[in-house]
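To start, the structure itself, in structure tokens.
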Amino acid sequence: MICLGLEGTAWSLSAGVVDERDVIVLENDPYVPEKGGIHPREAAQHHSERVGPLLGRVFKRLGELGIKPEDIDVIAFSQGPGMGPCLRVVATAARVLSLKLRKPLVGVNHCLAHVEVGRWKCDARNPVTLYVSGGNSQIIARRGNYRVFGETLDIGVGNAIDKLARHMGLPHPGGPRIEELAKKGEKYYELPYVVKGMDFSFSGLVTAAKKLYDSGVRAEDVAFSFQETAFAMLVEVTERALAYLGLDEVLIAGGVGANSRLREMLKIMCEDREARFYSPPKELLGDNGAMIAYTGLLMYSHGYETPVENSHVKPDFRIEEVEVLWD
Ligand code: AMP
Ligand code: MG
């Protein structure tokens, strides 16, 4: 079976085509803000201008591989969570494709797609997933359906990093720049470490780190102190979920998962607990269309279909709402 998936919950506009075995085509056209952070309306405008040409490139590459549009069996799209204006553009494009090609439509939960593409590509059985992106930070594991065992009480860790980076005069996205600065950090300054039960919070940490920077502390040390604090919070809760659930696999997902220090801390924790650490390839770690395509294929093969009249976007779509009918 072949599924074409469209992702567009925020900055990433991406289309992927997969079959049961592998990713066949993946094309990206990300929105990059000229200044500041992601502006939902501007991002949506970008997506609406670019989604047609993006799909044109996908079909061209499929043609070169001998795959015709009518060979596609299912159209999947990111139904939420995400920014309403962006979601609507991608849902509209998916509906048009579904009606034009006369193929079934499947609305996919974006967080679920991060987890399932990781399980697929890493052969993970039942991992605790640390999903860390711009908008989301969650610790997810399966107990029947998927459940969120811990999450941010305010902003996502990626968003926190981007806010600090912007304050320090660095361009968006700040993650890779903060990472480079942090590598040259030498002195650790104590910052608010906020874990409440299984949840955590980053906004106080951002405010304190901004103040530290304004007080004249070296940017390298601010970045270093920030990363050590934020990542220790995430690793602590991931470890607690592993222990509580009696599981022995950890999967990383989301753009912040590219950070080498976070990965190192997770690996050390996993080694101590004799758990395996899994990471999907970089192109499938951040937001991408292939993860939507794969999850759409998985759902469709287990009886899911989203009729056009039920394909409205869900900006607050939670992973717990999805009934999981597969192993
Ligand atoms: P996503 O929404 O999952 O695609 O992730 C986007 C977020 O990942 C942005 O907030 C980026 O700043 C962040 N990010 C990307 N690369 C890194 C990195 N190397 N370290 C930390 N954060 C990163
Ligand atoms: Mg994401």
Side-chain angles (χ1 to χ4, degrees), residues 5-14 16 26 28-33 36-38 40 43 47 77-83 86-87 90 108-118 129-138 140 148 151-152 155-168 170-183 185 202 205-206 209 223-224 226-235 251-266 279-292 294-295 315 317-319:
L6 270 178
E7 158 63 28
T9 53
W11 61 274
S12 165
L13 176 67
S14 173
L26 180 58
N28 302 304
D29 190 346
Y31 156 77
V32 184
I38 302 173
H47 294 356
F77 69 103
S78 52
Q79 198 169 11
M83 296 175 173
C86 299
L87 291 170
V90 164
V108 172
N109 177 286
H110 173 93
C111 310
L112 177 70
H114 274 294
V115 175
E116 292 297 350
V117 82
T129 301
L130 175 61
Y131 170 34
V132 275
S133 71
N136 299 288
S137 295
Q138 296 183 323
I140 301 167
V148 176
E151 64 188 311
T152 180
I155 55 176
V157 65
N159 190 213
I161 294 171
D162 295 340
K163 278 180 194 290
L164 174 63
R166 219 175 305 143
H167 185 77
M168 290 163 62
L170 303 167
H172 186 89
R177 285 156 181 111
I178 293 287
E179 175 172 9
E180 283 316 306
L181 283 172
K183 282 183 185 155
F202 295 110
L205 173 60
V206 174
F224 171 68
F226 179 91
Q227 277 199 178
E228 292 301 302
T229 310
F231 295 165
M233 286 157 52
L234 294 167
V235 175
L251 172 69
I252 183 91
V256 184
N259 188 286
S260 54
R261 179 58 181 148
L262 175 60
R263 297 166 75 95
E264 181 184 19
M265 287 165 83
L266 281 169
S279 171
K282 194 162 185 292
E283 69 274 15
L284 302 181
L285 191 60
D287 295 349
N288 69 88
M291 69 181 194
I292 302 296
Y294 172 70
T295 309
F317 198 1
R318 301 267 313 173
I319 195 169

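One-based numbering, in listed order, for ligands and for the atoms of each.
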Can a side-chain donor-acceptor contact be found between His114 and Asp287 if the only test is distance below 3.5 angstrom? yes
With side chains defined as the heavy atoms from C-beta onward, is the minimum distance between Leu284 and Met291 less than 4.5 Å? no
Side-chain contact test, heavy atoms from C-beta onward, threshold under 4.5 Å: evaluate it for Leu262 versus Ile252 and give yes or no. yes
Counting only N and O atoms by type, is there a donor-acceptor contact under 3.5 Å from the side chain of Ser137 to the main-chain atoms of Val157? yes
Using the rule side-chain contact (heavy atoms from CB on, under 4.5 Å), only one of Pro81, Ser78, Ser133 pairs with Cys111; which is it? Pro81
Just to be sure I understand the site: which N, O or S atoms from the protein are less than 2.8 Å away from the Mg ion (ligand 2)? His110 NE2, His114 NE2, Tyr131 OH, Asp287 OD1
Note: Ala43 and Cys86 closest approach over all heavy atoms is CB-SG, 3.6 Å
Taking the side chain as every heavy atom from C-beta outward, state whether Glu264 and Phe231 have any atom pair closer than 4.5 Å. no
Would you say the side chain of Ile161 lies within less than 4.5 Å of the side chain of Glu179, judging by non-hydrogen atoms? no
Which protein residues come within less than 4.0 angstrom of ligand 1, counting heavy atoms only? Trp11, Ser133, Gly134, Gly158, Ile161, Asp162, Pro173, Gly174, Gly175, Pro176, Glu179, Gly254, Gly255, Val256, Asn259, Gly286, Asp287
Determine, for Arg177 against Glu180, whether the closest basic-nitrogen to carboxylate-oxygen distance falls under 4.0 angstrom. no
